[in-house]
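We're numbering straight along the sequence, starting at 1.
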Amino acid sequence: MRFWAHIVLVFGLLAGTSGSALARCEDLAKGYDDVVPNRADTRINVGQDFDTILERGFLTFAVYDDFAPFSWEEAGKPKGIDIEIARIIAEDIGVEARFNFVTADENVDADLRNQVWKGPLIGGRVSNIMMHVPYSKDLQCRNELVVLNGQYFNETLATAYRIDVFPDDAPTTPYYRFHKVGVENHTISDFYLSNFNGGMLLPNIRHYPEHEDAFAAMEAGEVDAVMGVKSILEHLDQSDAIEVATPPLVNFALDTWTLGIAVRHNFRELSYAADYAISDALADGRIAAIFEKYGVSHAAPEY
């Protein structure tokens, strides 16, 4: 499952369980012990402490596979926005960056379990830092064995559209009663459009395996617009005939989320060091320059 598909589950949890998650968080013990009674699968030493990382000379980063413009491999070399931000972190600490390319699980909670604090049931290994983790208090409360920080980007939903079809302005949701719109299967955009006003837009929604397929269909004239994640739509947009915009979404408020990093809870020194490196790179413009390099407009996180 791709990241954009499984993040919709996070949004569903945020919308539906906010109160109960926060209530549970209030009852959490201050400081967590790796030894949990009656848990045969507990692992005492998972990950590495800061001194061990400095001594061995490298940091491992979990990044999503085949996930342009953020992380992918080209001719065996890691590329993308998350890759370059990870290298900033490693360079600031004084070590090498190494990457574990991973596939998104059923939800972000499972990704944190598999990649940060426990490890997958079969094969694989945990990483020191996981990139591209959506930040929210609810997600943090549900995952007390990780620390979420190092926010570096505010992601949002957007619309790519054909300028010849919509010459005056970007189409808003009601336009799709009369115009075909493309969307990646099982994403937030798919959920929103399919359920808009009782499903009234369904006859004009066209589903595609990935953002790239929907975008190609728009370029071929099969659909007039594509709704999806702004960063990936901007990265795909290489044509003067297409524009990417963020028109208001009727009856939908969860259209923006913040992205950062995750580190295992008992390695907070590493978490703080990574957070400082990201803060410095935000302040001096290095992160904004990385986004520009990949054709993506950078929206700084709102602290």
Side-chain angles (χ1 to χ4, degrees), residues 1-18 66-70 104 106-108 134 136 138 154-259 295-297 299:
M1 185 184 294
R2 287 168 60 87
F3 177 83
W4 301 129
H6 87 318
I7 196 174
V8 70
L9 302 177
V10 176
F11 270 55
L13 288 167
L14 293 181
T17 64
S18 176
D66 191 22
F67 189 42
F70 290 97
E106 61 184 6
N107 56 36
V108 179
S136 78
D138 295 65
N154 266 9
E155 185 63 273
T156 189
L157 297 182
T159 299
Y161 61 96
R162 296 176 58 92
I163 298 174
D164 60 340
V165 179
F166 305 103
D168 298 324
D169 208 347
T172 56
T173 312
Y175 278 70
Y176 305 134
R177 291 183 61 190
F178 313 104
H179 294 272
K180 292 182 175 61
V181 57
V183 67
E184 181 179 329
N185 281 316
H186 310 303
T187 58
I188 303 167
S189 302
D190 182 13
F191 173 83
Y192 168 67
L193 292 174
S194 298
N195 289 279
F196 181 79
N197 206 7
M200 68 180 299
L201 305 180
L202 286 171
N204 280 335
I205 299 174
R206 299 293 180 267
H207 292 89
Y208 298 92
E210 299 179 3
H211 277 65
E212 294 86 340
D213 303 301
F215 204 93
M218 178 175 58
E219 292 179 313
E222 297 173 18
V223 296
D224 296 329
V226 172
M227 184 175 173
V229 178
K230 185 179 181 183
S231 58
I232 195 167
L233 293 178
E234 288 183 330
H235 180 68
L236 291 169
D237 184 12
Q238 305 293 324
S239 171
D240 293 335
I242 293 171
E243 186 68 59
V244 177
T246 54
L249 300 181
V250 181
N251 298 329
F252 194 66
L254 296 175
D255 61 342
T256 301
W257 59 98
T258 301
L259 295 167
V296 178
S297 56

With rounding to the nearest 0.5 angstrom, report the [atom1] to [atom2] distance, [X] to [Y].
X	Y	atom1	atom2	answer
Glu184	Asp213	CD	CG	8.0 Å
Met227	Ile205	CE	CD1	10.0 Å
Leu249	Thr172	CG	OG1	9.5 Å

Are the side chains of [X] and [Y] in touch, meaning some heavy atoms are under 4.5 Å apart?
X	Y	answer
Arg162	Met218	yes
Val223	Val181	no
Tyr176	Val183	no
Phe252	Ile188	yes
Tyr192	Leu157	no
Leu201	Arg177	yes
Asp190	His207	yes
Val108	Pro134	yes

>> Using the rule given for side-chain contact (heavy atoms from CB on, under 4.5 Å), can you reason through Lys230 versus Val296, listing the C-alpha separation, both sets of side-chain angles and the distance that settles it, and then say yes or no?
In response: CA-CA 8 Å; Lys230 185 179 181 183; Val296 178; over 6 Å; no
>> Using a 6.0 Å cut-off, check whether atom CG of Asp240 has over 12 heavy atoms from anything other than its own residue.
In response: no
Please report the closest heavy-atom contact between [X] and [Y], naming both atoms and the distance.
X	Y	result
Gly228	Leu233	N-CD1, 3.7 Å
Glu222	Lys180	O-CD, 3.7 Å
Ala158	Ala245	CB-O, 3.3 Å
Arg206	Pro203	NH1-O, 2.9 Å
Ile242	Glu219	CD1-CG, 3.6 Å
Asn197	Met200	ND2-SD, 2.9 Å

> For Val229 and Trp257, what are the C-alpha separation, side-chain angles and deciding distance, and is it a side-chain contact (heavy atoms from CB on, under 4.5 Å)?
Replying inline: CA-CA 11 Å; Val229 178; Trp257 59 98; 4.3 Å; yes
> What about Tyr161 and His179, are their ring centers closer than 6.0 Å?
Replying inline: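 Between His179 and Tyr161, which both carry aromatic rings, the centre distance is not below 6.0 Å.
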>> Strictly distance-based, threshold 3.5 Å: is any side-chain N or O of Thr156 a donor or acceptor partner for the main-chain N or O of Asp255?
In response: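 Between the backbone of Asp255 and the side chain of Thr156 there is a qualifying donor-acceptor contact (under 3.5 Å).
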